[in-house]
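Each chain gets a letter, A, B and so on, in the order the sequences are listed, and its residues count up from 1. What you see is a predicted model, and the numbers here were worked out from it, not measured in a lab.
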Number of protein chains: 2
Amino acid sequence: MTDSNDGNGGTGAATASVSSSSGRAGMQLGYTPLYMQVRQQLLDKLISGEWQPGTLLPSEQQLSVQMGVSQGTVRKALDALSADRIVVRHQGRGTFVAEHDQRRTLFQFFKIADDKGDRVLPETVYSQLKRAEPSASESRLLGLRPKGDVWRIVRHRALKGRVMLSEQIVLSADRFPGLDVHVPLPNNIYELYERHFVTTVTRAAEQLRAVAASAEDADVLGCSEHMPVLQIDRQAFALNGALVELRRSRCLTEQFHYASDLR
Amino acid sequence: MTDSNDGNGGTGAATASVSSSSGRAGMQLGYTPLYMQVRQQLLDKLISGEWQPGTLLPSEQQLSVQMGVSQGTVRKALDALSADRIVVRHQGRGTFVAEHDQRRTLFQFFKIADDKGDRVLPETVYSQLKRAEPSASESRLLGLRPKGDVWRIVRHRALKGRVMLSEQIVLSADRFPGLDVHVPLPNNIYELYERHFVTTVTRAAEQLRAVAASAEDADVLGCSEHMPVLQIDRQAFALNGALVELRRSRCLTEQFHYASDLR
DNA sequence: GAGTGGTCTAGACCACCGG
DNA sequence: CGGTGGTCTAGACCACTCT
């Protein structure tokens, strides 16, 4: 392993056995702190699938010995991953790779709430999967190879027994080979991504607009045509930063709303 | 000062001269870490107005001596305040009380972006202020005394020269005495709150719905009646956690959208 | 009781800013 | 150049979980 960044503060005798692996997104030049290098090393093991979701990581003590840095530096790296919800830490139990369980889906990725502010997970009442050619923009955004296909998923989803949401999902057929084997798709589709396709969605960006329901929307949602509906365009990103899912939802917002926290 | 929490780890000789001041929101019972007590002590000085926005705080070293805790503990307290955007830290310069400058308003509190994803601050093209009686729910939410009045502000705001947004703001007349002296209100109204009314907005919760434009909306926004518009209901909270502002916006979303990051 | 993460302390050096 | 926050280390004790 190549040493770097000595730059090694403290009383320390240990010269860190941490390879440089710089190039953190969103950092300016000049210098990469040791704990960020450690963070990246740990992240690489998650990206490669060496540590699957749900796995118990080695303890801080073990990692600090393995990586040749102090326990405090390992702690800072794990705290950074924890802040990004990539790992979950439990006092007395250990540090685990975050899973897309129902709670995470509900609080990180599903922003529809009822008028009391409670979030309710929707049930899927209709689901369709087909292979198709991408549009130019889909191909560009998903970084597809020339002539690479996409999967198109259409789902209708109900809250409290009423169909409230119609969504179309677009995925690279190369990244999700044999997706059709898993039909019918589970309600929690991000759990499917991570269990069968080594793809963990960690972050998403949504664009919201008010639009008029199309004739098809009206049919699906049981409302009149031209009814105002909330259109949500989502781009979802994996651990390595790649855009892996495009999604467009149209949602009735009479009994429910989209909740956004500004902080 | 009353000691508590000894509970004092480390080699330390120092018994912390930090009063208990427990009761952190969202904490379970049992115990309050020292750095959270320090955080609350610092926060109290901000709430009281003893440290105004823009103020340079004492250095970590000075604070650690003043409060009788280690520099590392002061650091953790300041890092927590920094994570909540309550203070801003600059290496080599010091720690400052956060201000509602244009950048903060743009990135923390204004979520409308153009199709390239760039956020543009809107200009106010019409503004009206009047004193009025609150509705029952307004009185309850804002915690008004019986017969306490409210201010109602109506503003029309333009992006790139086109009126895109109509908003109504409701404030306690008691909390904002003599607000009418400041007419015409500045475009950055949160800066007004903090400069003249010792009220710093730190957090807000928004509820989004797609609704049909009313006749009045259509007139203001220059669109047809029943056009789908994005309705944004905001509740804004001050440093002490009190709800201080209610706001309803209606926004055209043909050239712009509401951007929401899920992470 | 053993092991984990969480807190607290102490001290050193580094990167950055201003005068 | 002195002062600030940022990083790194080392070691102790605490709260929590599981066996």
Nucleotide nearest [X] (side chain, heavy atoms from C-beta), chosen from [options]:
X        : options                : answer
Asp79(B) : dG6(C), dC8(C), dG6(D) : dG6(D)
Pro33(B) : dC8(D), dT7(C), dG6(D) : dT7(C)
Arg75(B) : dC8(D), dG5(C), dT7(D) : dT7(D)

Original post:
Taking DNA chain C as the partner, which of residues 80-93 of chain B come within under 4.0 angstrom of it by heavy atom?
Top reply: Gln91(B), Gly92(B), Arg93(B)
**OP:** Could you check which residues of residues 51-62 of chain A get a heavy atom under 4.0 Å from DNA chain C? Sort them by number, please.
**Re:** Ser59(A), Glu60(A)
Would you list the atom pairs, donor with acceptor, under 3.5 Å between side chains in residues 90-102 of chain B and any protein atom, with sequence neighbours excluded?
from, atom 1, to, atom 2, distance (Å)
Thr95(B), OG1, Arg89(B), NE, 3.2
His100(B), NE2, Val201(B), O, 2.7
Asp101(B), OD1, Arg104(B), N, 3.0

Original post:
How would you list, by chain and number, every residue that makes a ring-ring contact (aromatic ring centres under 6.0 Å, His included) with His196(A), sequence neighbours excluded?
Top reply: His182(A)
Original post:
Excluding sequence neighbours, so at least two apart, what forms ring-ring contact (aromatic ring centres under 6.0 Å, His included) with Phe176(B)?
Top reply: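 Listed in chain order: Tyr193(B), Phe197(B).
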**OP:** Give every residue pair that meets the salt bridge (charged side-chain N to carboxylate O under 4.0 Å, His left out) criterion with at least one member in residues 49-59 of chain B, sequence neighbours excluded.
**Re:**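 Counting only pairs at least two positions apart or across chains, the salt bridge (charged side-chain N to carboxylate O under 4.0 Å, His left out) contacts touching residues 49-59 of chain B are Lys45(B)-Glu50(B).
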Subject >> Inter- and intrachain pairs under salt bridge (charged side-chain N to carboxylate O under 4.0 Å, His left out), touching residues 67-76 of chain B, at least two apart >> reply: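 For residues 67-76 of chain B, and leaving out neighbouring residues, the salt bridge (charged side-chain N to carboxylate O under 4.0 Å, His left out) pairs sorted by first residue read Glu60(B)-Arg75(B).
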Just N and O in the side chain of [X]: are any of them under 4.0 Å from OP1 or OP2 of [N]?
X        : N       : answer
Lys76(A) : dC8(D)  : no
Tyr31(A) : dA15(C) : no
Thr95(A) : dG5(C)  : yes

Nearest-angstrom distance from the residue atom [atom1] of [X] to [atom2] of [N]:
X        : N       : atom1 : atom2 : result
Gln71(A) : dG5(C)  : CD    : P     : 8 Å
Tyr35(B) : dA15(D) : OH    : C1'   : 13 Å
Leu78(A) : dC8(D)  : CG    : P     : 14 Å
Gln37(B) : dG6(C)  : CD    : C1'   : 15 Å
Met36(A) : dA15(C) : CE    : P     : 17 Å

Original post:
Which residues satisfy the side-chain contact (heavy atoms from CB on, under 4.5 Å) test with Val120(B), sequence neighbours excluded?
Top reply: Asp114(B), Leu159(B), Lys160(B)
**OP:** Could I get the full list of side-chain hydrogen bond (donor to acceptor under 3.5 Å, both in side chains) partners for Thr73(A), not counting sequence neighbours?
**Re:** Ser70(A)
Original post:
Can you find a pair of side-chain heavy atoms, one from Arg263(A) and one from Asp84(B), that are under 4.5 Å apart?
Top reply: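 SC-SC contact between Arg263(A) and Asp84(B) ruled out.
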Original post:
Between Arg157(B) and Glu167(B), is the closest basic N to carboxylate O distance under 4.0 Å?
Top reply: yes
